[in-house]
Undergrad: 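This is the structure I want to talk about, given as structure tokens.
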Amino acid sequence: MTQLTTVLVLIPVAVNLGEGDDMLRPMAIAEIGRLFYSLTLTCFFLTTAYGLSFGGGTCPSPRPRSSAD
């Protein structure tokens with residue numbers, strides 16, 4: 001949520017809508033890219049790495065029943 005609001009605030013600066021945005025445009029574009037990169041890394045890579053590290057969330061196989069049951 002915080003990343004989304006930051007990107008929404010930086011979009012007018014990145015598309016150069018106001019006066020004096022010429023100096024800030026490269027910074028805004030780099031910041032938007034950094035935020036999308038970190039979001040992708042957090043949501044996909046770390047979740048996958050966590051799942052692989054701790055068994056992938058699979059359920060253990062049931063025990064075979066004995067004839068006494």
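What you see is a predicted model; the values in this text were computed from it and never measured.
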Undergrad: Determine whether Val9 and Ile29 fall in the same hydrophobic cluster, where Ile, Leu, Val, Met, Phe, Trp and Tyr are linked whenever their side-chain heavy atoms lie under 4.5 Å apart.
TA: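 The answer is no; the residues belong to distinct hydrophobic clusters.
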Undergrad: Should Ile32 and Leu4 be counted in the same cluster of Ile, Leu, Val, Met, Phe, Trp and Tyr side chains packed under 4.5 Å apart?
TA: yes
Undergrad: CG/Leu41 to CG/Leu46 distance, rounded to the nearest 0.5 angstrom?
TA: 5.0 Å
Undergrad: Could you list the residues that satisfy side-chain hydrogen bond (donor to acceptor under 3.5 Å, both in side chains) with Arg25, not counting sequence neighbours?
TA: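 None.
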Undergrad: So which heavy atom on Ser38 is nearest to which on Leu35, and how close?
TA: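 Between these two residues, the closest heavy atoms are OG-O, 3.0 Å.
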Undergrad: Determine the minimum heavy-atom distance between Thr47 and Cys43, stating which atoms define it.
TA: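 Closest heavy-atom pair between Thr47 and Cys43: OG1-O, 2.7 Å.
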Undergrad: For Thr2, does its backbone N or O pair with a side-chain atom of Thr5 as donor and acceptor, under 3.5 Å?
TA: yes
Undergrad: Are Val15 and Met23 in one and the same hydrophobic cluster, where Ile, Leu, Val, Met, Phe, Trp and Tyr link if side-chain heavy atoms are under 4.5 Å apart?
TA: no
Undergrad: Would you give the length of the straight line joining atom CZ of Arg34 to atom CG of Leu10, rounded to the nearest 0.5 angstrom?
TA: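 Separation between the atoms: 10.0 Å.
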Undergrad: In Å and rounded to the nearest 0.5 Å, what is the CD to CD distance from Gln3 to Glu31?
TA: 9.5 Å
Undergrad: What's the shortest heavy-atom distance between Ala28 and Ala14, and which atoms?
TA: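 Nearest pair, atom of Ala28 first, then Ala14: CB-N, 4.0 Å.
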Undergrad: Nearest 0.5 Å please: distance from the CZ atom of Phe45 over to the OH atom of Tyr50.
TA: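 Rounded to the nearest 0.5 Å, the CZ-OH separation comes out at 15.5 Å.
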